[in-house]
Amino acid sequence: MSEPATTPAARIVTLAGLTLALAFLVVLAGAYLNGNWLFDEAGRPIANDFVNVFAAGKLALEGHAAAAYDWTVHKATEVQAVGYDFGSYYGWHYPPTFLIAAATLALLPYTAAALAALAVTLPLYAMTIRGIAGDRAGWFLALGFPAALWNVTAGQNGFLTAALIGGTLLFIERRPVLAGVLLGLLTYKPHFGLLFPFALIAGGYWRVLSAASLTAFCMIAASVAVFGGETWIAFARWMPVTSHVVLGEGGADFDRLQSLFGLVRALGGGMTLAWTAQGAVALAALGGVCALWRSRAPSALKAAALSCGALLATPYLYMYDLVALAVPVAFLVRIGLARGFARAEAMMLPAGAALLLIYPYVKTQVGLAATVIVAALIVLRVKDFSFRAA
């Protein structure tokens with residue numbers, strides 16, 4: 001039997017998370033009944049982001065893995081997967097290493113595969129957040145985290161990303177090899193790992209870095225052995241095109257990009273200004289994270305800073321990716337449950353959650369604002385630690 005949430009703060013986190021999680025179930029049930037989730041009103045499977053993974057997996061199983069990067073062929077396979085044509089296109093932008101997971105899922109029928117992906121990644125994510133929080137309140141923090149709802153409705157893999165980032169930081173002290181393996185697996189979305197090598201070097205976590213490098217190498221070797229080297233050639237050929245369409249032309253809508261880059265572009269700024277602003281934020285996050293990881297700050301504070309900084313550093317960030325924001329929040333909750341929550345945390349963490357909740361109803365970077373709030377709370381904790389240490 002799990003231990004009770006004994007402190008008043010833990011009970012508040014539990015109650016808030018449970019309330020939101022139950023509300024999410026009601027929303028999903030209503031969406032399902034109204035033909036807006038899983039199946040449409042005609043009983044046909046709904047094409048969402050998951051269809052790109054399933055179609056790539058189908059092509060891999062049929063011996064045409066490299067064709068997953070051919071937009072025309074891939075779109076035709078998506079249409080075949082759901083059984084009808086649809087207007088939008090969900091591109092396959094992952095490295096070939098992720099084709100192994102995609103092909104495994106594609107062994108199942110489309111909707112069953114989508115539910116299987118959810119059934120595997122959601123518990124992994126929830127267990128990770130529970131472990132980070134250090135209290136059973138972590139279960140409810142994970143399930144009631146607002147971005148979790150939008151990840152489910154989008155059919156995306158935010159739960160997996162959060163589990164890998166959180167797992168890396170959860171096990172980094174106790175089981176460094178496992179932490180490195182999890183970090184190596186995160187290379188399926190390499191833009192979220194930009195700050196990790198620098199932080200690991202700054203902190204002297206050489207075993208983690210070695211295990212991550214070996215894991216990434218093994219994944220690449222496995223993908224070449226199974227699907228052939230031509231998949232990497234296709235990936236290298238199509239990635240500049242994808243980057244130009246998404247980041248250059250706003251093919252997926254700049255308002256949906258929850259990064260400073262996306263905000264600048266949505267406000268009409270050019271590529272040079274957007275990249276300059278994004279680069280400045282990334283460098284600031286890098287400098288702060290490295291300085292902290294070289295210090296004697298508590299490991300939970302270092303982990304919170306790195307996991308939040310990783311989200312600020314990348315220009316390619318969507319709302320479903322912000323499930324990973326639960327990781328730094330969980331570390332802040334861990335610190336708060338142990339030492340007491342600061343007044344700013346009690347006020348601003350709910351404000352950040354509210355920003356994530358209103359995402360479908362506003363066309364702006366509310367996710368970026370929530371991430372900045374979490375980053376500011378981490379900075380306040382760092383200042384408090386520095387004051388106490390002095």
Side-chain angles (χ1 to χ4, degrees), residues 5 8-31 36-37 122 125-126 129 132-133 135 137-154 156 158-159 161-162 166 253-260 262-263 266-267 304 307-312 317-337 340-381:
R11 286 195 288 270
I12 291 173
V13 174
T14 298
L15 180 60
L18 177 60
T19 301
L20 286 171
L22 292 175
F24 296 165
L25 286 177
V26 173
V27 170
L28 289 174
N36 295 317
W37 183 53
L122 174 57
Y125 154 73
I129 299 303
I132 292 171
D135 188 282
W139 292 115
F140 302 99
L141 171 63
L143 298 176
F145 197 73
L149 174 62
W150 310 134
N151 180 70
V152 172
T153 56
Q156 263 288 347
F159 292 138
T161 303
D253 192 348
F254 288 129
D255 288 316
R256 295 180 58 210
L257 278 175
Q258 300 298 308
S259 62
L260 183 57
L263 177 61
L267 293 175
S307 53
C308 187
L311 298 176
L312 289 172
L317 182 73
Y318 289 94
M319 181 55 69
Y320 51 76
D321 294 315
L322 285 173
V323 176
L325 189 61
V327 174
V329 169
F331 278 111
L332 286 176
V333 168
R334 183 185 188 95
I335 296 170
L337 291 178
F341 285 93
R343 180 177 300 179
E345 292 169 338
M347 295 175 58
M348 298 310 295
L349 285 176
L355 285 169
L356 297 178
L357 274 176
I358 65 173
Y359 165 70
Y361 311 104
V362 293
K363 291 196 67 176
T364 190
Q365 279 67 22
V366 289
L368 172 62
T371 307
V372 170
I373 286 174
V374 174
L377 294 176
I378 294 169
V379 170
L380 291 177
R381 278 291 180 181

From CA spacing to verdict: side-chain contact (heavy atoms from CB on, under 4.5 Å), L143, L122:
CA-CA 9 Å; L143 298 176; L122 174 57; 4.1 Å; yes
Side chain to side chain donor-acceptor pair (under 3.5 Å) pairs, two or more places apart, involving residues 321-332:
K189-D321
Working to the nearest 0.5 angstrom, can you tell me the gap between Q258 CD and L356 CG?
8.5 Å
For a side-chain contact (heavy atoms from CB on, under 4.5 Å) check, start with the C-alpha distance between K363 and D253, then their side-chain angles and the critical distance, and finish with the verdict.
CA-CA 10 Å; K363 291 196 67 176; D253 192 348; 3.6 Å; yes
Distance check, rounded to the nearest 0.5 Å: L20 atom CG versus L149 atom CG?
9.5 Å
So, do L337 and F341 sit near enough that their side-chain heavy atoms are less than 4.5 Å apart?
yes
Under a 4.5 Å cut-off applied to non-hydrogen side-chain atoms, are L311 and L317 in contact?
yes
Enumerate, atom names and distances included, each donor-acceptor pair closer than 3.5 Å involving a side-chain atom of residues 365-376, sequence neighbours excluded.
residue: Q365; atom: NE2; partner: F254; partner atom: O; Å: 2.9
residue: Q365; atom: NE2; partner: D255; partner atom: O; Å: 3.4
residue: Q365; atom: NE2; partner: L257; partner atom: O; Å: 2.9
residue: T371; atom: OG1; partner: G367; partner atom: O; Å: 2.8

Nearest non-hydrogen partners of Y125 and L141, listed with the distance:
OH-O, 4.5 Å
Roughly how far apart are S307 OG and I378 CD1, rounded to 0.5 Å?
6.0 Å
Given the rule in the side-chain contact (heavy atoms from CB on, under 4.5 Å) test, do Q156 and M319 qualify, once you have shown the distances and angles that lead to the verdict?
CA-CA 10 Å; Q156 263 288 347; M319 181 55 69; over 6 Å; no
Any L322 side-chain heavy atom under 4.5 Å of W150 side chain
no
Heavy atoms, side chains only, cut-off 4.5 Å: are F159 and V152 in contact?
yes
V327 and I132: CA distance, side-chain angles, deciding distance, side-chain contact (heavy atoms from CB on, under 4.5 Å) verdict
CA-CA 8 Å; V327 174; I132 292 171; 4.0 Å; yes
Look up atom CG in L15 and atom CZ in F140, then write down how far apart they are to the nearest 0.5 Å.
10.0 Å
Taking all atoms of both residues into account, what is the closest heavy-atom pair of A148 and A142, and its distance?
CB-O, 4.1 Å
What heavy-atom pair brings G138 and A133 nearest, and what distance separates the two atoms?
CA-CB, 3.7 Å
In Å and rounded to the nearest 0.5 Å, what is the CG to CG distance from L25 to L22?
6.0 Å
Residue pair A330 / I129: nearest heavy atoms and the distance that separates them:
CB-CG2, 3.9 Å
Value for OG1 (T153) from CZ (F24), rounded to nearest 0.5 Å, stands at 10.5 Å
Nearest heavy-atom neighbours spanning A10 and D135:
CB-OD1, 3.9 Å
